[in-house]
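The structure appears right after this line, and notes come after that.
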Amino acid sequence: MRKRNESVTVEHERAAAAAAAAPGPLDKGCSLRRSLRLPASAAAEGMKRPLGRRYGLWFRLRKLILWLLGMYIAIPFLVKLCPAIQAKLVFLNFVRVPYFIDLKRPQDQGLNHTCNYYLQPEEDVTIGVWHTVPAALWKNARGKDQLWFEEALGSSHPVILYLHGNAGTRGGDHRVELYKVLSSLGYHVVTFDYRGWGDSIGSPSERGMTYDALHVFDWIKARSGDNPVYIWGHSLGTGVATNLVRRLCERETPPDALILESPFTNIREEARSHPFSVIYRYFPGFDWFFLDPITTSGIKFANDENVKYISCSLLILHAEDDPVVPFHLGKKLYNIAATSRSFRDYKVQFVPFHTDLGYRHKYIYRSPELPRILREFLGKSEHEHHH
């Protein structure tokens with residue numbers, strides 16, 4: 001009996017202990033919450049992670065801003081110390097667009113009535129030349145050699161020597177389209193790449209570009225007889241054109257007319273107005289850092305000075321929406337020329353093209369008015385030439 005009571009007592013105590021150890025309904029929820037609750041150190045780490053990510057992003061952004069600011073400040077000093085950089089940016093002769101054309105084959109650009117030549121203005125300098133004949137000679141020109149094209153310059157058709165701007169080559173799309181327009185109007189078109197451009201050999205410089213143009217002009221005159229020869233410059237080519245014509249006038253062999261498309265006054269004013277200069281235009285010492293190195297490199301292209309020594313008819317074409325050479329520079333050059341004594345016996349004309357036409361810097365050739373403008377202007381120039 002005693003043993004039974006003892007066993008019951010032991011079982012009772014075990015049950016009580018188990019009941020005490022087992023959680024009640026309320027205790028179950030509390031223990032679950034306790035088990036789900038993160039340690040204090042883990043919670044702190046979780047809060048630090050987004051803060052760390054935000055701090056890391058801000059650190060990288062601040063590093064990028066400081067790097068850009070450092071480059072912005074360093075570039076003017078780099079240009080000042082290395083004027084050749086600024087010369088490269090003026091000429092842009094290393095930019096060859098379109099890239100994959102064979103300049104020996106103008107027919108690939110739709111110029112089936114064009115011959116490719118190579119001339120040598122100086123020792124170690126060779127320039128590539130294209131000669132496009134007038135539309136009336138297209139059929140006869142097929143399959144002909146260089147000698148035939150040279151002799152064709154003596155036919156009764158006027159000649160335009162075209163001086164292109166910076167960047168690209170004589171095979172640039174807008175240039176080719178202009179050759180086609182001028183050829184259809186009855187002109188021989190002779191154009192070339194300055195030394196250092198396209199497949200021409202030599203180092204670019206203002207003096208060298210001008211000498212190349214003089215050499216090609218003399219080459220044309222030696223073959224064109226009494227046919228009128230006009231000089232057409234576009235953009236940077238207007239600087240070459242006025243350099244050339246001033247020299248021709250000084251030696252008393254002026255061209256029959258000068259046509260300037262999208263001209264500027266001088267290279268300093270053009271560089272100051274160029275869209276690339278916007279971010280530095282108000283930088284302290286802008287002229288000293290950016291413009292003086294251009295002059296130091298011997299680059300002036302002083303159209304505003306040259307026109308004071310030019311004695312031949314002058315036509316200026318400029319689009320009001322030109323983003324590269326601002327319209328006001330072309331108008332300013334016209335005002336200088338119109339009041340110059342050197343033009344008192346010659347016609348000076350300025351033709352603007354309205355913004356709505358969208359001709360911008362290099363699409364004036366699209367104007368349906370261009371044939372009439374040239375016919376009226378050059379017709380009068382020929383009359384002045386013969387009288």
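- A cation-pi arrangement is not found for Arg360 relative to Tyr363, the charged atom failing to lie both closer than 6.0 Å to the ring centre and inside a 45° cone about the ring normal.
- Donor-acceptor pairing under 3.5 Å is lacking for the side chains of Thr132 and His113.
- Separation of the Trp197 and Phe91 ring centroids falls under the 6.0 Å cut-off.
- For Ser184, the side chain to side chain contact (heavy atoms under 4.5 Å, CB included) criterion is met by no residue, not counting sequence neighbours.
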Apply the test side chain to side chain contact (heavy atoms under 4.5 Å, CB included) to residues Glu270 and Phe301: give CA-CA distance (whole Å), side-chain angles for both, the deciding distance (0.1 Å), then the verdict.
CA-CA 10 Å; Glu270 162 55 15; Phe301 291 114; over 6 Å; no
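- Partners of Phe290 according to the ring pair (Phe, Tyr, Trp, His ring centres under 6.0 Å) rule, which considers only residues two or more places apart in sequence or in another chain, are Tyr280, Phe286.
- Side-chain contact between Leu378 and Ile259: present, with at least one pair of heavy atoms (C-beta onward) separated by less than 4.5 Å.
- Each salt bridge (Lys or Arg N to Asp or Glu O under 4.0 Å) pair with one or both residues in residues 172-184, not counting sequence neighbours, appears once here: Glu177-Lys180.
- Ionic pairing of Glu269 and Lys332 is present here: one or more N-O contacts between side-chain nitrogen and carboxylate oxygen are shorter than 4.0 angstrom.
- For residues 292-320, the set of pairs meeting the salt bridge (Lys or Arg N to Asp or Glu O under 4.0 Å) definition, not counting sequence neighbours, comprises Arg268-Asp292, Glu305-Lys308.
- Under the side-chain hydrogen bond (donor to acceptor under 3.5 Å, both in side chains) criterion, Asp287 pairs with Arg272, sequence neighbours left out.
- A single hydrophobic cluster is seen to contain both Ile279 and Ile85, as judged by linkage of ILVMFWY side chains at heavy-atom distances under 4.5 Å, directly or through other members.
- Classified by interplanar angle (parallel below 30°, tilted 30° to 60°, perpendicular above 60°), the ring pair Phe350/Tyr334 is tilted.
- A salt bridge (Lys or Arg N to Asp or Glu O under 4.0 Å) check over residues 137-146, counting only residues at least two apart or in different chains, returns nothing.
- For Arg207, the salt bridge (charged side-chain N to carboxylate O under 4.0 Å, His left out) criterion is met by Glu122, not counting sequence neighbours.
- A donor atom on one side chain and an acceptor atom on the other are not found under 3.5 Å apart for Tyr359 and Asp322.
- A side chain to side chain donor-acceptor pair (under 3.5 Å) check over residues 148-162, counting only residues at least two apart or in different chains, returns the pairs Gln146-Glu150, Glu150-Arg223, Ser155-His188.
- Considering only residues two or more places apart in sequence or on other chains, Arg105 meets the salt bridge (charged side-chain N to carboxylate O under 4.0 Å, His left out) condition with Asp108.
- Of the possible polar contacts, none joining the Ser367 side chain to the Ile364 backbone as a donor-acceptor pair under 3.5 Å is found.
- With Tyr117 as the partner, the ring pair (Phe, Tyr, Trp, His ring centres under 6.0 Å) test is satisfied by one option alone out of Phe192, Trp130, Trp219: Trp219.
- Considering only residues two or more places apart in sequence or on other chains, Trp288 meets the side-chain hydrogen bond (donor to acceptor under 3.5 Å, both in side chains) condition with none of them.
- Among Ile201, Thr169, Asp212, the one residue that satisfies the side-chain contact (heavy atoms from CB on, under 4.5 Å) test with Asp193 is Thr169.
- Not a single salt bridge (charged side-chain N to carboxylate O under 4.0 Å, His left out) links Arg96 to another residue, sequence neighbours left out.
- The closest donor-acceptor contact from the side chain of Asn243 to the backbone of Thr210 lies at 3.5 Å or more, if one exists at all.
- The side-chain hydrogen bond (donor to acceptor under 3.5 Å, both in side chains) test applied to Gln120 returns no partner, not counting sequence neighbours.
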